[in-house]
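Worth knowing before you read on, the calculation uses all heavy atoms, side chains too, and leaves out hydrogens, waters and symmetry mates. Chain identifiers are assigned alphabetically (A, B, ...) following the order of the sequence lines, protein sequences preceding nucleic acid strands; residue numbering begins at 1 within each chain. None of the values given here were measured: they were computed from a predicted structure.
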Number of protein chains: 4
Amino acid sequence: MTEPRNRDTRTKIVEAARDLFWEKGFNSTSIADILSRTQVHSGSLYHFFPGKQDLLVAVLEWYRDGIEENLLAYAWAEVDDPIERIFALLNGYRVMLLTSDYAHGCPIGNLALEISEPDPRVRELIARNFSNWVGAVKACLDGASERLPEDTDKQALAEFVLTIMEGGIMQARTHRDIGLFDRSVAVLRTHFDMLMGQRQAA
Amino acid sequence: MTEPRNRDTRTKIVEAARDLFWEKGFNSTSIADILSRTQVHSGSLYHFFPGKQDLLVAVLEWYRDGIEENLLAYAWAEVDDPIERIFALLNGYRVMLLTSDYAHGCPIGNLALEISEPDPRVRELIARNFSNWVGAVKACLDGASERLPEDTDKQALAEFVLTIMEGGIMQARTHRDIGLFDRSVAVLRTHFDMLMGQRQAA
Amino acid sequence: MTEPRNRDTRTKIVEAARDLFWEKGFNSTSIADILSRTQVHSGSLYHFFPGKQDLLVAVLEWYRDGIEENLLAYAWAEVDDPIERIFALLNGYRVMLLTSDYAHGCPIGNLALEISEPDPRVRELIARNFSNWVGAVKACLDGASERLPEDTDKQALAEFVLTIMEGGIMQARTHRDIGLFDRSVAVLRTHFDMLMGQRQAA
Amino acid sequence: MTEPRNRDTRTKIVEAARDLFWEKGFNSTSIADILSRTQVHSGSLYHFFPGKQDLLVAVLEWYRDGIEENLLAYAWAEVDDPIERIFALLNGYRVMLLTSDYAHGCPIGNLALEISEPDPRVRELIARNFSNWVGAVKACLDGASERLPEDTDKQALAEFVLTIMEGGIMQARTHRDIGLFDRSVAVLRTHFDMLMGQRQAA
DNA sequence: TATGAATGAGTTTTCATTCAT
DNA sequence: TATGAATGAAAACTCATTCAT
């Protein structure tokens, strides 16, 4: 990633695009939306980004590069237990749903479903964002190894947690009812309890 | 639902819209796409549907009204065991992912995330489609009551299955790797095994 | 060519495009130019023509289909001698140069040089327009067979006449001096005189 | 012509502009095209040239100033007979058509027809380029005076040769058939033969 | 001179929708 | 109901040019 000299304009554009894609989706966000929010002229935007897709790429890179400081640091600020960190992470999305009145789901998940014929860069960046998220959860599971059955497929379990998050958000937003999210998380909690119970039983 | 006189044209339009929304998404499908696929003229389309949103409504009604014959009957043709029916249903989506080379996910889930400011009819129809799907799974769980712990929240568990399906599809499509779907389903299977093991143990 | 029902709008567009392409060239004519001259809305234009290239195609078809009534009938109204008809045709371009103050050259020739990467339809239509023009001249030469040497390559000679026309116009416009056109035509006249003199001599 | 200090950059720009105008035409060549081909920045280009027109002027000056070394020296390297030099010159364009697969015609002729409202400098420079070319041919004719009829208008005949060249190239490019060029040149050859035959007969 | 960001009018084209027959 | 022309706002993007450092 070359470091642009004038970070201001470029950054302003990426941040506006990030927010608008999140609020309205990629296709429903027009370049004009981004221009009017940033007070930047079209020529300037196209100076930095050859096309709308490239803006999407930049946004996805922003998420990829900032997962630690923008997401995990915040969610885990006051939680140390690795298993609880997983639920703290999920709780972050819960809070977002409630405070945004169900407007804000998972930004990556939205894009994943909206972009039906993604250019490879986009698909790979979405995949990478998912992998990093799963990787963070997997690290928690690794940190709780001794509480889980020895034959636990931790990678699969971490992916499972992302699955719950995405599926739970989708249902909660649709029903405008946090219960849909909460109940899926509750079942996940049960699942962890059962796994950890097995270990104890053994 | 009022029964239109000329079912042919109206039906042709709904089916084309349904397929295009599935393939390309709602926003990326233009009225012109639908017209050219159906060989219907714009005047005719707007005779039946006041606007694009109404077409979406009709498509969602089609899914809602046809869940039994278009989805469940097919998935459950050769499966009787209620728990296996749940996994047979999930397997239907698995097959769809593979045969469409990850182009076709869950049509309702796609729309759920794509429509950011849905008119109420749309949101409610998506919710209703989810509810019906969950209801079908819940009926399976009810049919397997005696194999599950007595205090199982079957509604929550059914919602959880939908969560797995949507989250699993999202990840599998993104990575273009069915493993992402399979592993989440496998963890769900483990979950059921543990639940049923508890019952046996009791 | 299918005959459109509403010839008015389509014809208005083609005629405006034809005139503008002639006055300003293809690239320098914007769709907006055509719209404002015709008082037609962009949607209507694109209803008839998928793109700007297709408008060019229509304009070239107009020239191709109308060579007889729009060009030859006019130039040959009062001339019967086949050799004189050739010079009458050339004189038509001479008059056009003078009355338009060198703004209007050969519309086909202009396009031939301007379109550097033509789509095949365009190139073939330009070629066809040239061929038809050459064919008309060749018919004159055929009508004057007995005055020309027997071994005259009449096709080549007809092409030569087009060559003179295009090259003469180019120079006259550049110098804004009809002398450049006249002198090339005069040499052509000499050439015909020599050819016909040979015949007489024989 | 003031001699710029940094010939490299200025020259690079002119050469790129010259080539691009030749390949794509003036209007179809964007400043961005020139910048990306030269790896020069817009500020630098506008340092040397106030605007795009001025670049065109510089290109036309390049042609004007280099006709001897870039065109004539090359075409006449191995030809001494003045009449043959004329046909050698024409043959140079023939080779260019063939080796470029009809992409490259006469650079001046293209510009002559493309620029519909030229600023006076441009028109005069194109005219001057034509005059110089004609002057070179006229010099050949002067050198062959004794083989031509005494009353031959050599200026007109030289202009005629340019006419043939431009008209022949236009047709050959349009038809993508060198025959169209060759046949016009062949007729010109006949013309010269007849002229020279007259002299001999006298 | 070089760099490259900024400008903003302009480009072609697409869109959902309306309307006349 | 069917046809398909008309509407006009809005889309993504390009352009030649200017300006600040």
Side-chain angles (χ1 to χ4, degrees), chain A residues 2 4-10 12-13 27-36 38-55, chain B residues 4-6 8-10 27-35 39-55, chain C residues 2 4-10 12-13 27-35 38-55, chain D residues 4-6 8-10 27-35 38-55:
Chain A
T2 57
R5 299 233 193 112
N6 184 342
R7 297 208 80 233
D8 276 353
T9 299
R10 193 183 190 280
K12 235 165 50 179
I13 294 169
N27 284 309
S28 298
T29 297
S30 73
I31 296 288
D33 288 336
I34 296 166
L35 297 179
S36 78
T38 52
Q39 299 288 57
V40 156
H41 297 273
S42 66
S44 300
L45 187 149
Y46 283 94
H47 175 70
F48 292 107
F49 303 98
K52 201 182 171 189
Q53 293 273 357
D54 302 273
L55 241 176
Chain B
R5 296 209 212 130
N6 184 342
D8 275 353
T9 298
R10 191 184 192 280
N27 284 310
S28 298
T29 297
S30 72
I31 297 287
D33 288 336
I34 296 166
L35 296 179
Q39 301 287 50
V40 158
H41 299 272
S42 65
S44 300
L45 188 149
Y46 280 92
H47 172 75
F48 291 110
F49 304 98
K52 200 183 172 189
Q53 292 275 357
D54 303 274
L55 241 177
Chain C
T2 57
R5 300 232 195 117
N6 184 342
R7 297 206 79 230
D8 276 353
T9 299
R10 191 183 192 280
K12 234 165 48 180
I13 293 169
N27 285 308
S28 298
T29 297
S30 73
I31 297 288
D33 288 335
I34 298 167
L35 297 179
T38 51
Q39 299 287 58
V40 157
H41 298 272
S42 66
S44 299
L45 188 150
Y46 282 93
H47 174 69
F48 293 106
F49 304 99
K52 201 183 171 188
Q53 292 272 359
D54 302 273
L55 241 177
Chain D
R5 293 208 214 132
N6 183 342
D8 276 353
T9 299
R10 191 183 192 279
N27 285 308
S28 298
T29 297
S30 72
I31 297 288
D33 288 335
I34 297 166
L35 296 179
T38 52
Q39 301 288 49
V40 158
H41 300 272
S42 65
S44 299
L45 187 149
Y46 280 92
H47 172 74
F48 291 109
F49 304 98
K52 199 184 173 189
Q53 294 274 357
D54 302 275
L55 242 176

Q. If every non-hydrogen atom of B:Val40 is compared with every non-hydrogen atom of B:Leu45, which pair is closest and at what distance?
A. CG1-N, 4.0 Å
Q: Round to the nearest Å and state the distance from B:His47 atom NE2 to F:dG4 atom P.
A: 17 Å
Q. With nearest nucleotides of DNA chain E determined for A:Gln39 and D:Ser44 from heavy-atom distances, which residue corresponds to the more 5′ nucleotide?
A. D:Ser44
Q: Measure across A:Pro50 and A:Tyr46 and return the closest heavy-atom pair with its distance rounded to 0.1 Å.
A: O-CD2, 3.5 Å
Q. If every non-hydrogen atom of C:Lys52 is compared with every non-hydrogen atom of C:Ile31, which pair is closest and at what distance?
A. CG-CD1, 3.8 Å
Q) If you round to the nearest 0.5 Å, how far is CG of A:Asn27 from OG of B:Ser28? A) 4.0 Å
Q: Measure the distance from CG on A:Asp54 to C1' on F:dC13 and round it to the nearest whole Å.
A: 12 Å
(Q) What is the distance, to the nearest angstrom, from the CZ atom on A:Arg10 to the P atom on E:dA6? (A) 12 Å
Q: Using the criterion of both pairing distances under 3.5 Å for Watson-Crick and G-U wobble pairs, give all stems of 3 or more consecutive pairs involving DNA chain F.
A: E:2-21 with F:2-21
Q) What is the distance from CZ of A:Phe48 to P of F:dA12, rounded to the nearest Å? A) 19 Å
Q: Locate the shortest heavy-atom distance separating B:Phe49 from B:Asp54; write the atom from each residue and the value.
A: CD2-O, 3.9 Å
Q) For F:dG4, does OP1 or OP2 lie under 4.0 Å from any side-chain N or O of B:His41? A) yes
Q) Going by heavy atoms in the side chains, are C:Ser30 and C:Asp33 under 4.5 Å from each other? A) yes
(Q) What is the separation between atom CD1 on A:Ile34 and atom C1' on F:dC13, rounded to the nearest whole Å? (A) 13 Å
Q: Measure the spacing between CZ of D:Arg10 and NE2 of D:His47 and express it to the nearest 0.5 Å.
A: 10.0 Å
Q. Where along nucleotides 13-20 of chain E does protein come under 4.0 Å, by heavy atom, of base (B) or sugar-phosphate alone (S), with - for untouched nucleotides?
A. BBSSBBB-
Q. How close do C:Ile34 and C:Thr38 get, heavy atom to heavy atom, and via which atoms?
A. O-OG1, 2.7 Å
